[in-house]
S.K.: 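Below you will find the structure I want to go over with you.
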Amino acid sequence: MYEDLKGKTVLVTGSGKRSGIGYAVARKFAENGSNVIISDLGDQQDKDNPIPTGQSGEMNEIVEEFKSECGVDAMAAAFDVTDNKSIQTAVSSIMKRFSRLDVLCNNAGATFGVPNAIHTYDEAAWMKTIDVNLHSVFKVSRAVLPMMMTKGGAIVNVASRAGKVPPLFNGAYAVAKAGVIMMTKVMARELAGNGIRVNAVCPGQIMTDLESWRFDLEAQFLGTTAEQQKEEMCKTIALNRLGSPAEVAKLVAYLASDQASYLTGQAVNVTGGQLMEL
Ligand code: NAI
C-alpha cells in the first residue's frame, strides 16, 4: 500500500478492458485508495484496430467494481486519445467531477498495418500508429497539465521494450514508443519545477489481447502454433515466462507514489530480464 496515493485522482487511458494493462493499473490505484477515471474508446469503434477495444458497458462495470470493492470514487470517460475535441470534453467532465488530477497514466496503445517492413508499410497505418501511441501522449498530457501544474503530481507513460530494441516488421510502433521515452524525458525536465515527476515503464512480453494477437499472427506467418511462439518467446526471457498486467501495474503505482520521490525522466524496464541494460 502507498498511503500517499489515498484520495488522489488518477486518469488511466486505455483502461476499459479487464484483460489489459490499463485496467490492472487502474485497479492498483483503486486498491491504494485513489479515485480513478476509466478512459477508453467506449462506443466509438476503431475499425482499423485488430484487437478488441474498451467498450462502454465494460467501462461502466469497472467503475461499479472499484466503487463497491475498493470503496473509492470512479468515473468512466470515453474518449479517443488522438482526438483533441473528445479529450477536451472528457477533461471538462473530470474537472467538474473531481476538480483535480494528481496522476496521469498514458497507457492507450495499438499497432496498425503489421507485419510490414519499412519499404512496404502503408503510410496511413504508419501515421495512425504514431498518432495513437505517441501523439496521444502529447495531446492528453497537454490537456490535463493545467489541472496538475499548480499542485504537482506524477505522469507515468507506458512505453515498451520495443522503444529500445527494434522488433521486426513493427517499425512504426517501435519508433512511436522510442518517442514516448524521449517525450518522458522532455516532460520530466520541463515539469520538474511544477512538482511533476514523469517516468515511463517499458514492458516486455505481457499476457494481454495484444500479446495473444501477436502470437497468432507470428504462428500464421511461420506455420507454427501460437503456443509454440509463446514457448519460443519464453526462452528469450530470463525468468522464462510472460509477465502479467498486474506486474506492470505494481511498477506504475510505485513510480507515481512518494516512494519514487527522487525518480524522474526514467524509462524502467519490466521485462522479466528479457532486456538487461547497463
Ligand atoms: P490492449 O490492446 O489490451 O489495450 C490497449 C487499450 O488501449 C485498449 O483498452 C484499447 O481500447 C485502448 N485504445 C486503443 N486505441 C485507443 C484510442 N485511440 N483512444 C483510446 N483508447 C485506445 O493492450 P495492452 O497490452 O494492455 O497494452 C497497453 C499498453 O501497453 C499499450 O500502450 C501497449 O503498447 C503497451 N505495451 C504492451 C505490451 C504487452 O506485451 N502487452 C508490451 C509493451 C508495451
Side-chain angles (χ1 to χ4, degrees), residues 11-27 37-59 62 76-87 90 105-112 114 128-137 139-140 156-165 167 170 172-181 183-184 200-215 229-230 233-234 236-237 241-249 251-252 267-272 274-275:
L11 168 61
V12 185
T13 65
S15 55
K17 253 189 350 178
R18 285 196 181 85
S19 57
I21 293 172
Y23 163 78
V25 169
R27 170 100 207 173
I37 298 123
I38 299 298
S39 99
D40 215 307
L41 281 169
D43 292 334
Q44 306 171 53
Q45 304 284 322
D46 183 348
K47 61 176 177 25
D48 301 326
N49 194 333
I51 298 167
T53 54
Q55 305 284 302
S56 296
E58 191 165 4
M59 291 169 69
I62 294 170
F79 66 89
D80 179 339
V81 291
T82 66
D83 174 12
N84 282 321
K85 200 161 160 237
S86 81
I87 294 170
C105 176
N106 283 305
N107 164 75
T111 185
F112 305 92
V114 294
K128 186 159 180 175
T129 306
I130 307 271
D131 223 17
V132 172
N133 292 284
L134 174 59
H135 295 150
S136 61
V137 176
K139 288 177 182 176
V140 177
V156 183
N157 296 322
V158 180
S160 173
R161 169 182 179 269
K164 295 183 174 181
V165 180
N170 196 4
Y173 180 78
V175 169
K177 291 298 190 180
V180 172
I181 294 170
M183 178 89 189
T184 300
V201 296
C202 297
Q205 315 301 329
I206 309 298
M207 205 50 221
T208 65
D209 294 345
L210 184 67
E211 194 72 355
S212 311
W213 168 79
R214 173 222 174 112
F215 289 138
Q229 290 311 120
K230 187 173 153 184
M233 181 63 82
C234 288
T236 69
I237 300 170
R241 64 170 177 87
L242 302 181
S244 70
E247 288 173 314
V248 180
L251 177 59
V252 174
V268 185
N269 302 328
V270 49
T271 68
Q274 189 187 35
L275 177 57

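The analysis underlying the following values was restricted to heavy atoms, covering all of them including side chains, and did not include hydrogens, waters or symmetry mates. Numbering of ligands and ligand atoms starts at 1, following listing order.
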S.K.: Out of Lys17, Arg161, Gln45, indicate the one that has the non-hydrogen atom closest to atom 4 (O) of ligand 1.
M.R.: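 Residue with the shortest heavy-atom distance to the ligand atom: Lys17.
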
S.K.: Salt bridge or not for Arg214 and Asp209, using N-O below 4.0 Å?
M.R.: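 No, no charged N to carboxylate O under 4.0 Å.
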
S.K.: Going by heavy-atom distance to atom 16 (C) of ligand 1, choose the closest among Leu242, Leu41, Asn157.
M.R.: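 Among Leu242, Leu41, Asn157, the closest heavy atom to atom 16 (C) of ligand 1 belongs to Leu41.
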
S.K.: Using heavy atoms and a 4.0 Å limit, tell me yes or no: is Phe79 in contact with ligand 1?
M.R.: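 In this structure, Phe79 qualifies as a contact of ligand 1 - some heavy atom is under 4.0 Å.
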
S.K.: Under 4.0 Å from ligand 1, counting heavy atoms only, is it the side chain of Thr53, its backbone, both or neither?
M.R.: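 The answer is both.
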
S.K.: Hey, which atoms in ligand 1 end up nearer than 4.0 Å to a heavy atom of Pro203?
M.R.: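 That gives atoms 42 (C), 43 (C), 44 (C) of ligand 1.
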
S.K.: Which ligand 1 atoms, with their elements, are less than 4.0 angstrom from a heavy-atom of Gly204?
M.R.: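 With Gly204 as reference, the close atoms of ligand 1 come out as 40 (O), 42 (C), 43 (C).
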
S.K.: Kindly write out the residues that satisfy salt bridge (Lys or Arg N to Asp or Glu O under 4.0 Å) with Arg161, not counting sequence neighbours, or none if the list is empty.
M.R.: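 Salt bridge (Lys or Arg N to Asp or Glu O under 4.0 Å) check on Arg161 returns nothing, list empty.
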
S.K.: With atoms numbered from 1 as shown, which atoms in ligand 1 lie under 4.0 angstrom from a non-hydrogen atom of Gln205?
M.R.: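 This gives 40 (O) as the contact atoms.
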
S.K.: Would you please determine whether Tyr173 falls within less than 4.0 Å of ligand 1 on a heavy-atom basis?
M.R.: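 Contact check Tyr173 vs ligand 1: positive.
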
S.K.: So, does Ala159 sit close enough to ligand 1 that a heavy atom of it is under 4.0 Å from the ligand?
M.R.: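 Judged by the 4.0 Å heavy-atom criterion, Ala159 does count as contacting ligand 1.
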
S.K.: Answer yes or no for Arg214: is there a heavy-atom contact with ligand 1 below 4.0 Å?
M.R.: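 Contact absent.
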
S.K.: Nearest to atom 5 (C) of ligand 1 by heavy atom, Ser86, Pro245, Gly109: which?
M.R.: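 Checking each option, the heavy atom nearest atom 5 (C) of ligand 1 is found in Gly109.
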
S.K.: Atoms of ligand 1 less than 4.0 Å from Leu210 heavy atoms?
M.R.: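 Counting atoms of ligand 1 from 1, those under 4.0 Å from Leu210 are 23 (O), 25 (O), 33 (C), 37 (C).
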
S.K.: Examine Lys230 relative to Phe215 and say whether NZ or CZ is less than 6.0 Å from the centre of the six-membered ring and inside a 45° cone about the ring axis.
M.R.: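 No, Lys230 and Phe215 do not form such a contact.
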
S.K.: Would you mind telling me if ligand 1 is within reach of the side chain of Met207, the backbone, both or neither, using heavy atoms under 4.0 Å?
M.R.: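 Answer for Met207: neither.
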
S.K.: Considering distance alone, does some N or O of Thr82 sit under 3.5 Å from an N or O of ligand 1?
M.R.: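 No.
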
S.K.: Any side-chain to backbone donor/acceptor pair from Asp40 onto Gly42? Under 3.5 Å, distance only.
M.R.: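 No.
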
S.K.: Can you find a non-hydrogen atom of Asp40 under 4.0 Å from ligand 1?
M.R.: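 Asp40 counts as a contact of ligand 1 under the 4.0 Å cut-off.
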
S.K.: Evaluate Asp80 for polar contact with ligand 1, using N/O atom pairs at a separation under 3.5 Å.
M.R.: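 N/O-N/O distance below 3.5 Å exists for this pair.
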
S.K.: Please list, in number order, the atoms of ligand 1 under 4.0 Å from a heavy atom of Gly54.
M.R.: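 So the answer, numbered in order with elements, is 9 (O), 11 (O).
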
S.K.: Restricting to side-chain hydrogen bond (donor to acceptor under 3.5 Å, both in side chains), what partner residues turn up for Asn106, sequence neighbours left out?
M.R.: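 Partners of Asn106 by the side-chain hydrogen bond (donor to acceptor under 3.5 Å, both in side chains) criterion, ordered by chain and then number, come out as Ser141, Asn157.
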
S.K.: Where does Thr208 meet ligand 1, judged by heavy-atom distances below 4.0 Å: at the side chain, the backbone, both, or neither?
M.R.: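 Contact part for Thr208 vs ligand 1: side chain (C-beta onward).
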
S.K.: Do Ile21 and ligand 1 have an N or O pair less than 3.5 Å apart?
M.R.: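 In this structure, Ile21 places an N or O atom under 3.5 Å from an N or O of ligand 1.
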
S.K.: How does Ser39 reach ligand 1, if at all, at less than 4.0 Å between non-hydrogen atoms: by side chain, backbone, both, or neither?
M.R.: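 For Ser39, there is no contact with ligand 1 at all, from either part.
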
